Structure formats: structure tokens, C-alpha cells
Amino acid sequence: VLNCNFEIPEYLRTVAEKAGIQIHTVPFGKYESREEFRWAITQHKFNAIEHVLTLMNEEDCMLLLDSDTVCTKKLDELFSEAASSLVLYPTAHSYSQEKRAEIRFNYRTMYHVDNDNLVHYGGEFFAGNKNQMQKLLNACSQVIQRARETENLKPWDDEHVLSIAAEQFL
């Protein structure tokens with residue numbers, strides 16, 4: 001399933017259908033940060049998760065893969081792992097790396113507690129079964145709500161939300 005927040009031209013829709021790819025139009029908005037910055041559109045993936053959860057059976061797995069991510073090997077092992085555990089991508093950024101520092105700042109501002117070892121999870125891909133992805137979406141929803149209620153945050157995106165949700169709720 002390919003989720004888009006816009007209509008796909010018919011010639012591309014035909015190519016996708018020939019490859020067995022279903023295209024779904026999913027409106028953008030419910031989970032947006034309501035800020036204007038470079039990566040604000042990344043919040044669309046939470047709308048996509050919510051939509052795909054409605055299509056899944058209990059035994060299904062979901063892989064969210066950014067459109068600019070290139071896969072060079074089979075994904076079989078990733079799906080095998082996702083059948084029984086949530087798979088997140090730790091970026092291994094250093095403690096002082098700018099994005100990780102912003103995530104730590106936002107976490108401290110939102111929850112009034114510091115965590116020097118807060119892991120920066122990338123949004124390039126993550127996977128899990130239906131139950132795990134529902135728990136992740138619930139946790140991310142709580143973080144998004146808290147962020148909307150908190151003043152003076154650094155611009156926040158999907159990686160902020162994922163990292164803080166994993167720390168706070170999973």
C-alpha cells in the first residue's frame with residue numbers, strides 16, 4: 001500500500017497497479033505539528049499508520065519506509081523481526097549532534113525531566129505487527145498532544161515524536 005496525501009496522476013497509478021501496489025489517498029492534518037518548517041510534512045506518516053491499521057489483520061506487519069530510503073537487500077528478516085517486536089532505527093548520533101540535542105531539549109521542556117541517554121530514532125523506517133504499531137501510534141499521539149500544549153519547543157518532527165514516545169511510553 002502506498003499512502004499519499006495528494007492525487008496520483010493516472011499514468012503513475014497504472015504503473016503502480018501493474019506492480020501490485022495499491023495507492024490510497026490519506027488526508028494530511030490530524031497529526032501535523034501546526035508549525036511551518038522544513039520537515040513538518042513528515043507528520044503525515046502518523047496519518048498513514050492510522051489508515052493502514054484499519055486495513056490490517058492481527059497477524060499482519062507494517063513497514064513504514066520513507067520514499068527517499070533505498071533498500072539494497074531483501075526485507076524478509078526485517079518482517080520476521082517485526083512479527084514479534086517493534087523495530088525502530090536508532091541513528092547513533094552523538095550526544096551533541098544538533099537534532100539529538102533538539103530532541104533532548106524538547107523532552108526536557110515537555111516533561112520537566114532530563115534524559116542524557118535519550119535515543120534518537122530516525123524516521124526513515126520502522127516496523128511492527130498491528131498491535132505494536134497501534135501502541136506506537138497511541139504513544140506518538142500522546143507526545144504530539146503534549147507538544148501542542150507546550151510552549152518554546154524547538155521545531156519538532158516525526159523523529160522527535162518517535163524518540164520521545166519510545167522513551168516516555170514504550
Side-chain angles (χ1 to χ4, degrees), residues 1-71 74-76 78-89 91 99 103 106 110 120-150 153-170:
V1 175
L2 173 64
N3 289 310
C4 300
N5 62 336
F6 55 88
E7 282 299 319
I8 301 294
E10 191 57 40
Y11 75 96
L12 291 175
R13 199 172 274 283
T14 302
V15 170
E17 287 172 3
K18 284 181 183 176
I21 299 170
Q22 296 176 31
I23 298 176
H24 293 221
T25 302
V26 180
F28 177 61
K30 181 176 179 181
Y31 297 97
E32 68 184 322
S33 67
R34 298 186 182 144
E35 295 179 290
E36 290 191 29
F37 64 97
R38 192 165 127 193
W39 297 108
I41 190 74
T42 60
Q43 306 298 33
H44 180 62
K45 66 182 56 175
F46 301 116
N47 295 290
I49 292 171
E50 184 176 72
H51 174 70
V52 172
L53 283 168
T54 67
L55 306 174
M56 293 176 72
N57 295 317
E58 291 303 316
E59 66 278 359
D60 290 340
C61 288
M62 179 190 312
L63 167 64
L64 241 80
L65 192 64
D66 276 1
S67 59
D68 63 347
T69 302
V70 176
C71 301
K74 287 183 166 188
L75 300 174
D76 296 349
L78 183 61
F79 278 104
S80 293
E81 186 176 349
S84 60
S85 62
L86 184 64
V87 180
L88 299 173
Y89 165 59
T91 62
K99 181 91 166 212
I103 294 168
N106 285 348
M110 290 165 62
H120 174 191
Y121 290 106
E124 289 76 13
F125 79 88
F126 47 98
N129 65 31
K130 182 175 184 175
N131 184 46
Q132 294 152 344
M133 295 302 284
Q134 184 64 64
K135 286 180 182 176
L136 177 64
L137 181 61
N138 293 345
C140 290
S141 295
Q142 291 180 59
V143 171
I144 290 168
Q145 184 60 40
R146 185 73 171 251
R148 288 176 176 164
E149 297 167 353
T150 306
L153 294 179
K154 304 283 185 189
W156 50 278
D157 61 23
D158 62 317
E159 294 182 7
H160 288 234
V161 173
L162 281 171
S163 300
I164 294 171
E167 176 64 29
Q168 191 68 18
F169 299 106
L170 301 178

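Computed from a prediction, not measured in an experiment: that's the story for all the values here.
- Using a distance-only test at 3.5 Å, with no hydrogens or angles considered, a donor-acceptor pair links the side chain of Asp157 to the main chain of His160.
- In this structure, CZ on Arg146 lies 7.5 Å from CD on Gln168, to the nearest 0.5 angstrom.
- Annotation for Met62 and Ile49: closest pair CE-O, 3.8 Å, computed over non-hydrogen atoms.
- Counting only distance, with no hydrogens or angles, the side chain of Asn106 and the backbone of Leu153 share no donor-acceptor pair below 3.5 Å.
- In this structure, Thr91 contributes its side chain and His120 its backbone to a donor-acceptor pair below 3.5 Å.
- Taking every heavy atom of both residues into account, Ile144 and Phe46 meet most closely at CD1-CD1, 4.0 Å.
- Minimum heavy-atom separation, Tyr121 to Ser163: N-OG, 2.8 Å.
- For the pair Met110 and Val143, the minimum side-chain heavy-atom distance is below 4.5 Å.
- Pairing each heavy atom of Leu63 with each of Leu75, the nearest pair is CD2-CD1, 3.7 Å.
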Would you tabulate the side-chain donor-acceptor contacts of residues 78-85 under 3.5 Å, counting partners in other chains and residues two or more places apart, or write 'none'?
{"residue": "Ser80", "atom": "OG", "partner": "Asp76", "partner atom": "O", "Å": "3.1"}
{"residue": "Ser85", "atom": "OG", "partner": "Glu81", "partner atom": "O", "Å": "3.1"}

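- For the residue pair Leu2 and Ile21, the shortest heavy atom distance occurs at CB-CG2, 3.9 Å.
- From Gln22, atom CD reaches atom CG of Asn3 across 10.0 Å, with rounding to the nearest 0.5 Å.
- In this structure, OG1 in Thr25 is found 4.0 Å from CD in Glu7, a value given to the nearest 0.5 Å.
- By the 4.5 Å heavy-atom criterion applied to side chains, Phe126 and Leu86 are not counted as neighbours.
- Within the 3.5 Å criterion, the main-chain N or O of Gly123 finds a donor-acceptor partner in the side chain of Lys45.
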Exercise for the section: Carefully, step by step, assess Lys135 and Phe169 under the rule side-chain contact (heavy atoms from CB on, under 4.5 Å). Expected result: CA-CA 9 Å; Lys135 286 180 182 176; Phe169 299 106; over 6 Å; no
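- Defined by atom type and a distance below 3.5 Å, a donor-acceptor pair is missing between the side-chain atoms of His44 and Asn5.
- Atom NZ of Lys130 has more than 12 heavy atoms from other residues, nucleotides or ligands within 6.0 Å.
- In this model, a donor atom of one side chain and an acceptor atom of the other lie less than 3.5 Å apart for Asn138 and Gln134.
- The structure places CD1 of Ile164 at 12.5 Å from CG of Leu170, a figure rounded to the nearest 0.5 Å.
- Here the closest non-hydrogen pair linking Leu162 and Gly122 is CD1-O, 3.9 Å.
- Here the CG atom belonging to Asp158 is positioned 9.5 Å from the CG atom belonging to Leu64, to the nearest 0.5 angstrom.
- With hydrogens and angles disregarded, no donor-acceptor distance shorter than 3.5 Å links the side chain of Asn57 to the backbone of Glu59.
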Exercise for the section: Show your working on side-chain contact (heavy atoms from CB on, under 4.5 Å) between Ile103 and Lys99 and close with a plain yes or no. Expected result: CA-CA 6 Å; Ile103 294 168; Lys99 181 91 166 212; 4.2 Å; yes
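- Distance alone, capped at 3.5 Å, is enough to place a donor-acceptor pair between the Gln132 side chain and the Asn129 backbone.
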